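These notes are about the structure you will find just below.
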Amino acid sequence: MWKSSDGGSTWRRCWPARAPLQIGALALDPGDAQVLYCGTGEANMSADSYPGDGVYRSTNGGKTWRRLASAKNNAVPPRIGVIAVDPFDSNHILLGGIGFGRLSASHDSGGLYRSQDRGATWTRLDPLGIGSHWCHAVVFDPSKAGRVFATVTAQGAGSGIYRSDDAGANWRHLTNGLPPAERIGRAGLAIAPSNPKLLYAFVADEHSDNADLLLGVFKTSDGGNSWTDVAGTHFRSERQIGYGNAIAVHPGDPQQLICGGVDLHVSSDGGTSWRKVSRWNAQRGTSHYAHADHHALVMPAAHPGRVYSANDGGVDLSDDMGGTWHNRSNGLAVTMFYDVDVAQTDPTEFGGGAQDN
């Protein structure tokens, strides 16, 4: 975990020395910005996405952390991809994660979990009514108490987008306008802060012939009752949506959104048209370069048009809705080394090969 006090220009570590290095999710309590929740483990569904050891909380803006629940005893998933705090009730928290083991026989299971006591205890929810599933995204409606959306994958007809109107007690499978559930893979979800009835979903294709391609960018203007694919043909070359999957909506204009897998794409008219705004293979330091594989996108309300992207190269920032990009990784010691070796003739000489860098 890292913290910046200057808009990402510099970063400093704020994480316990013995806690896991792999971080999957971070959320701030809307009622108290000093309270943060951190989910460990990577939920990016690749062979090098490592598990964590549970969920942590800080009550002083990240200065110190305490583990609330352990993944080892199945209190929470080992790979947490999302945490969301209820804007109407800070006691109520939802988190989602994935696992690579059977629910009944392994400590490596995923799903949707709920806490009603600020993370002290957790209960596994089952929106599908069939047991085993993975949960990839959770979004609370900021204007309607009790309304929350989640995206899940399961084997077969249980996959897709779900909505609860009673804070997670009961769930409705949203299907109108969406592809067959068995085609829906990992899905990112974003709600428009200025018009919460408007949501967008960035969905990977589960079809074996199209694995890791984009199934569609789906839009609803009525709170999830009906959906329309607004991707068109723009994303035909986009890939790895099961690994890098991120989407965000402009804080003041619900028609402006940004989403990405390997590269980033922007629409200024609600998905009617799109433009590619980053190129991973451009020259480093040029205005269109942002590192590949985007995992999180943030558009702060205090700076309309500003976008932060957390990706496999650190953090990139745009102040003009993706028009130009600048790297903001100074101080982030987050390189993942695949291999390292030491010179046989001089033990002080060593080097390594890093993932994507």
Side-chain angles (χ1 to χ4, degrees), residues 8 44-46 136-137 151 179 184-192 198-205 207 210-219 227-300 303-329 355-357:
N44 292 321
M45 303 195 297
S46 64
H136 304 282
T151 68
I184 297 177
R186 179 182 180 180
L189 197 61
I191 192 167
L198 185 60
L199 293 92
Y200 299 89
F202 191 66
V203 185
D205 195 339
H207 194 283
N210 301 318
D212 247 8
L213 298 180
L214 184 73
L215 182 61
V217 181
F218 298 94
K219 175 183 178 180
W227 298 80
T228 304
D229 187 1
V230 296
T233 61
H234 174 81
F235 293 88
R236 284 180 296 184
S237 62
E238 193 55 75
R239 61 200 187 281
Q240 295 186 186
I241 309 303
Y243 175 67
N245 187 308
I247 185 168
V249 183
H250 190 284
D253 184 350
Q255 301 303 314
Q256 293 193 55
L257 68 151
I258 183 169
C259 54
V262 173
D263 279 313
L264 293 165
H265 307 261
V266 164
S267 176
S268 299
D269 50 19
T272 300
S273 61
W274 295 89
R275 67 184 189 277
K276 188 175 180 177
V277 295
S278 75
R279 298 187 182 275
W280 69 268
N281 55 356
Q283 181 67 35
R284 283 180 182 267
T286 58
S287 62
H288 294 293
Y289 176 80
H291 199 282
D293 301 333
H294 301 274
H295 300 293
L297 291 166
V298 174
M299 300 186 68
H303 299 276
R306 174 172 291 185
V307 183
Y308 292 96
S309 171
N311 51 53
D312 277 11
V315 175
D316 288 295
L317 174 146
S318 173
D319 270 321
D320 53 8
M321 198 60 194
T324 56
W325 291 93
H326 309 277
N327 188 259
R328 289 292 183 267
S329 302
Q355 185 262 355
D356 273 12
N357 288 281

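As the structure is a computational prediction, the values presented were derived from the model and not from experiment.
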Report yes or no: does [X] contribute a side-chain atom to a donor-acceptor pair with the main-chain N or O of [Y] at less than 3.5 Å?
X      : Y      : value
Ser278 : Ala290 : no
Asp212 : Gly242 : yes
Glu238 : Val262 : yes

Inter-residue atom distance [X].[atom1] - [Y].[atom2], 0.5 Å rounding:
X      : Y      : atom1 : atom2 : answer
Leu189 : His136 : CG    : NE2   : 12.0 Å
Asn44  : Asp293 : CG    : CG    : 9.0 Å
Phe202 : Asn245 : CZ    : CG    : 6.0 Å
Ile247 : Ile191 : CD1   : CD1   : 12.0 Å
Leu215 : Ile184 : CG    : CD1   : 6.5 Å

Taking all heavy atoms of [X] and all of [Y], pick out the closest pair and write down the distance.
X      : Y      : answer
Asn311 : Asp316 : ND2-OD2, 2.9 Å
Ala231 : Leu214 : CB-CD2, 4.4 Å
Trp280 : Asp263 : N-OD1, 2.9 Å
Ala282 : Tyr289 : O-CD1, 3.3 Å

Legend entry - Between Asp269 and Ser267, a side-chain donor and acceptor under 3.5 Å: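 Side-chain D/A pair, Asp269 to Ser267: present.
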Inset, instruction - Would you please say whether a donor-acceptor pair under 3.5 Å links the side chains of Ser329 and Asn327? - result: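 Judged by distance alone, the side chains do pair up.
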Legend entry - Min side-chain heavy-atom separation Arg284-His291 under 4.5 Å: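 In short, these two side chains touch, coming nearer than 4.5 Å.
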Legend entry - Plane angle bin for His234 and Trp274 - parallel if under 30°, tilted between 30 and 60°, otherwise perpendicular: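 Ring orientation of Trp274 relative to His234: parallel.
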